[in-house]
Amino acid sequence: MTAVRTRFAPSPTGALHLGGLRTALYNWLYARRHGGEFFLRIEDTDRQRSSEAHTQGLVEALRSFGLDLDGAPVLQSSRVERHQEVARELLKRGFAYRCYCSPDELAAMREEQRARGEDPRYDGRCRERRASRQGVDPVIRFRRPDIKEVVVRDWLHGEVRYQNSQLDDLVLLRANGSPTYHLSCVADDHDMGVRQVIRGDDHLNNTPRQLQLIQALGWEPPQYCHLPLLLAPDGKKLSKRDEATDALSYLRSGYLPEAVLNYLARLGWSRGDREIFSMSELIECFGREGLGASASRLNPDKLKWISQQHMKAAPAARLVEGLARQLERLGLDPEGGPPLAAVAEAWRERAETLADMAEAARWAYAAEIELDERAARKVLRPAAREPLVAVREALAELADWTAADIHACVETVAERCGVSFGKLGQPLRVAVTGGPVSPPIDATLFLAGRSATLRRLDRALAHIDKRIAAAATPAAG
RNA sequence: GUCCCCAUCGUCUAGUGGUUAGGACAUCGGCCUUUCACGCCGGCAACAGGGGUUCGAAUCCCCUUGGGGACGCCA
């Protein structure tokens, strides 16, 4: 049995984006599924574009989604000495050489190649060079081995063959001595003991080069799995500028992390007809057999549905925690209103996200509500006055403010006034919540609390009276 | 341009030579109902095109088309 050690290796040049999160998830799931280890490596060898803030952001983002790491994150930049050592080793053993070509010279070379209709690639002009060039710091180039083809074995793509002639002598160390991607990636994976490299499809073409390097170093290559890319809903490439690609934005908008992960897992992976997975079920079920090879588009509607399914199943405590955060975002104070757990229970089946939940529960926490004009016009009409007055009285005298008692009370009043439950319930709902939509009326009044209920009923009654008065006075004009 | 990858309902997908091509989201009807939602029942909807192989292809092979990726002293 092979040991399982996976890693997620993003470069800290921006926030964690959805595609990256999915790659991280698959690596994490595979490791957890097989009792292996999952590492995070920050590929920050390009100091220009990397930032400390982004590194922190990536670490925190993974934590927010519950993808726990084995060991501390590895900063690639902290390993340059090791990379240089590997490069020197290659140099010593003749697998690499110093190249004195200037960037301008290389650009000119590529241009000529293109003009001649050839593929632009380094022609190896420094391969046999002995002498150094005055005042020029050389780069170290890998000496591509002289074999006819390289075969990449991939979980998803099977055997992918590359003609050696398509590969060229890649730069291992820059003129300033810093390592480039291929070198550091290969060296780090080896040193970290990574056995499964699960990464985006955009790396498939890099793999033959890395394989050659690994071979020259006499190391054991890892298993490869190149995942298809994620596309925007319109089928276009996911743009980094798009807000919807920032993984954390989904948490901010009130999606449960496990819902986002469930959704992402199912984009490119399946297990029969099953759609909903808890995190532990995901770990239990995840496997390479279920992986698909074609790119998939993001579908916000499906995400919402999955989110709702998770809202229905989530432990109350998780909902409460998230709801508190969302209420805070809306500037509402949970202290003044009903218990969050009660609100969460009332809405877990009718909110797609925690943000929806908070927004829908606004009336339960806001000091005052605003009457929805349409709803008020429709149900707060003169005919509703009498039943509302009656129910107000009955509610004021109710011994216990419980949902069951409220229900009985409303039912009794409706009967006494000769109207259906709904005919009384809807005006009541609009009076108390301001709008036409809320949980069942008994739960709604219970959540609003007695004093707010009575106060708002009085206001609604006043509203109706104003209407009656307006109708009595001939309209001007 | 060269190389590489991919291709089943609008979307996510099941399917691995013989199925009425299944499920889910969305959508459209209906039921339930105190509003909304949940839930339940039902409808619409797909094998990109063309060649092979085979008694038989969504499944295997080739070509075309379409989409994506890679061709850096970026990662």
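Per chain, numbering begins at 1; letters A, B, ... match sequence-line order.
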>> Expected output is a numbered-order residue list: members of residues 265-276 of chain A with a heavy atom under 4.0 Å from any atom of RNA chain B. What is it?
In response: A:R266, A:L267, A:G268, A:S270, A:D273, A:E275

> Tell me the salt bridge (charged side-chain N to carboxylate O under 4.0 Å, His left out) pairs involving residues 144-162 of chain A, sequence neighbours left out?
Replying inline: A:E149-A:R161, A:R153-A:E159, A:E159-A:R161

> Does the side chain of A:R297 get closer than 4.0 angstrom to OP1 or OP2 of B:G10 through an N or O atom?
Replying inline: no

Restricting to nitrogen or oxygen on both sides, can you table the protein-nucleotides 59-64 of chain B pairs closer than 3.5 Å?
none

> If you measure from the Lys or Arg side-chain nitrogens to the Asp or Glu carboxylate oxygens, is any gap between A:R141 and A:D168 under 4.0 Å?
Replying inline: no

>> Once rounded to the nearest 0.5 Å, what's the spacing between atom CG of A:L90 and atom CG of A:L213?
In response: 6.0 Å

> Mind checking who B:C40 pairs with, Watson-Crick or G-U wobble, both distances under 3.5 Å?
Replying inline: B:G30

> Nearest-Å distance, CZ (A:R121) to P (B:C71)?
Replying inline: 12 Å

>> Could you work out, with side chain to side chain contact (heavy atoms under 4.5 Å, CB included) as the rule, every residue matching A:Q326, not counting sequence neighbours?
In response: A:R329, A:L354, A:A355, A:A358

>> Generate the contact string for nucleotides 38-47 of chain B. Rules: B means base contact, S means sugar-phosphate contact only, - means no protein heavy atom under 4.0 Å.
In response: SS--------

> Contacts to RNA chain B from residues 183-192 of chain A, heavy-atom cutoff under 4.0 Å, which residues?
Replying inline: none

> Centres of the A:W269 and A:Y26 rings: under 6.0 Å?
Replying inline: no

> A:T207: what forms a side chain to side chain donor-acceptor pair (under 3.5 Å) with it, not counting sequence neighbours?
Replying inline: A:R199, A:H226

>> List the residues meeting ring-ring contact (aromatic ring centres under 6.0 Å, His included) with A:Y122, not counting sequence neighbours, and say none if there are none.
In response: none

>> Suppose we screen for side chain to side chain contact (heavy atoms under 4.5 Å, CB included). Which residues come up paired with A:A460, at least two apart in sequence or across chains?
In response: A:L380, A:A431

>> Going by the rule side chain to side chain contact (heavy atoms under 4.5 Å, CB included), which residues pair with A:D123 if we only count those two or more places apart in sequence or in a different chain?
In response: A:M109, A:Q113, A:R125

>> For a ring pair (Phe, Tyr, Trp, His ring centres under 6.0 Å) check, start with the C-alpha distance between A:H310 and A:F277, then their side-chain angles and the critical distance, and finish with the verdict.
In response: CA-CA 9 Å; A:H310 280 270; A:F277 298 83; 9.2 Å; no

Only distances under 3.5 Å count here; give the side-chain donor-acceptor pairs of residues 405-419 of chain A to other protein atoms, sequence neighbours excluded, each with its distance to 0.1 Å.
| unit_1 | atom_1 | unit_2 | atom_2 | d |
| --- | --- | --- | --- | --- |
| A:D405 | OD2 | A:T402 | OG1 | 3.3 |
| A:H407 | ND1 | A:D442 | OD2 | 3.2 |
| A:T412 | OG1 | A:A408 | O | 2.7 |

> Quick one, which residues of residues 434-446 of chain A touch RNA chain B with a heavy atom under 4.0 Å?
Replying inline: A:P436, A:V437, A:S438, A:P439, A:P440, A:I441

>> Tell me which nucleotide, if any, is Watson-Crick or G-U wobble paired with B:A24 when both distances must be under 3.5 Å.
In response: B:U11

